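Okay, structure first, notes after.
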Amino acid sequence: EAQVTQNPRYLITVTGKKLTVTCSQNMNHEYMSWYRQDPGLGLRQIYYSMNVEVTDKGDVPEGYKVSRKEKRNFPLILESPSPNQTSLYFCASSSRTTTQGYTFGSGTRLTVV
Amino acid sequence: AQKITQTQPGMFVQEKEAVTLDCTYDTSDQSYGLFWYKQPSSGEMIFLIYQGSYDEQNATEGRYSLNFQKARKSANLVISASQLGDSAMYFCAMRESHGGTSYGKLTFGQGTILTVHP
């Protein structure tokens with residue numbers, strides 16, 4: 001089944017403790033992206049990658065890191081999480097010319113206390 | 001400047017009635033794509049419908065249709081014969097492109113919560 005898998009689904013952590021949210025896709029998509037969703041703000045792009053070793057900042061990159069060492073994986077790293085990073089996070093992937101937009105993972109609900 | 005604007009924070013519709021969710025966009029590109037996604041209370045993002053900027057016909061997918069008015073830069077979603085299961089958050093999104101290749105960014109509006117009453 002074609003899908004984007006992100007883990008974990010739920011995470012509660014403390015301020016400053018480094019964490020990684022994993023994301024993997026099995027559709028051989030070139031593009032991958034991370035979004036965060038906050039009430040009243042819709043989804044905002046954090047980082048995106050157009051291919052292996054090619055990443056770029058989205059609208060809200062501060063406090064996040066990404067890497068794209070393999071085509072299928074695009075982990076999101078929070079080196080020192082803070083409470084304002086409490087949010088619902090989505091990983092998504094897409095081919096270059098798709099008319100289907102992005103395929104989204106199931107989401108990770110992160111709480112930083 | 002806001003690229004995607006959804007002016008209706010919430011909408012209510014009676015079951016079996018049609019409803020229109022508004023979306024306006026802003027771009028200087030000639031080539032772009034417009035998307036609608038549904039997010040039920042369970043949280044997943046479900047792709048509904050796509051409209052390309054060069055498509056001459058309005059897109060339709062089952063009970064979903066997109067009322068595309070290019071000159072007005074609007075891409076409203078029409079849901080016909082609403083069902084209780086249509087109650088969800090709906091997002092309009094735009095993907096700009098250049099030379100036939102899409103950029104990596106899909107820009108979203110703030111969303112509209114649709115409630116279908118029995």
Side-chain angles (χ1 to χ4, degrees), chain A residues 2-6 8-10 23 27 29-61 66 68 74 87-110, chain B residues 1-10 21 23 25 31-55 57 59 61 66 75 77 88-113:
Chain A
Q3 60 185 1
V4 176
T5 302
Q6 60 179 105
R9 288 293 307 275
Y10 301 93
C23 176
M27 296 165 280
H29 282 164
E30 292 90 349
Y31 289 5
M32 296 188 75
S33 185
W34 277 101
Y35 286 85
R36 63 177 287 174
Q37 182 180 2
D38 302 290
L41 298 176
L43 279 80
R44 294 178 294 167
Q45 193 177 51
I46 303 170
Y47 270 94
Y48 65 95
S49 168
M50 296 174 79
N51 217 322
V52 175
E53 303 291 4
V54 180
T55 63
D56 206 351
K57 295 178 181 178
D59 296 318
V60 287
V66 294
R68 186 100 182 266
F74 191 45
S87 187
L88 177 59
Y89 291 86
F90 287 100
C91 179
S93 73
S94 167
S95 66
R96 285 176 61 192
T97 56
T98 184
T99 61
Q100 299 297 308
Y102 274 86
T103 300
F104 283 80
S106 301
T108 295
R109 190 166 291 281
L110 172 66
Chain B
Q2 192 80 7
K3 286 208 165 187
I4 298 284
T5 303
Q6 295 178 252
T7 57
Q8 307 154 314
L21 306 183
C23 173
Y25 61 91
S31 177
Y32 51 90
L34 297 156
F35 303 84
W36 278 91
Y37 283 84
K38 172 184 178 181
Q39 186 180 43
S41 58
S42 52
E44 70 266 34
M45 294 289 288
I46 302 167
F47 165 75
L48 293 179
I49 195 166
Y50 164 82
Q51 178 84 44
S53 58
Y54 292 118
D55 294 342
Q57 306 267 6
E61 289 286 349
L66 202 152
L77 177 71
M89 174 79 87
Y90 289 81
F91 290 102
C92 178
M94 177 174 65
R95 187 172 189 179
E96 293 159 295
S97 65
H98 182 72
T101 300
S102 296
Y103 293 137
K105 188 172 183 178
L106 192 63
T107 303
F108 285 83
Q110 308 95 313
T112 296
I113 299 175

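In what follows, chains carry the letters A, B, and so on, assigned in the order in which the sequence lines appear, proteins first and then strands, with residues in each chain numbered from 1. What you see is a predicted model; the values in this text were computed from it and never measured.
Taking the six-membered ring where the residue is Trp, F104(A) and Y35(A) present tilted rings, their angle falling between 30° and 60°.
At a threshold of 4.5 Å between non-hydrogen side-chain atoms, the residues L66(B) and W36(B) count as touching.
Between chain B and the options D38(A), D59(A), L88(A), heavy-atom pairs under 4.5 Å are most frequent for D59(A).
Ring centers of Y25(B) and Y32(B): under 6.0 Å apart, within the cut-off. Aromatic pair F35(B)/Y50(B): centroids less than 6.0 angstrom apart.
Of the two parts of Q37(A), only the side chain, counted from C-beta on, holds a non-hydrogen atom closer than 4.5 Å to a non-hydrogen atom of chain B. Contacts between Q6(B) and chain A at a heavy-atom distance below 4.5 Å are absent for every atom of the residue.
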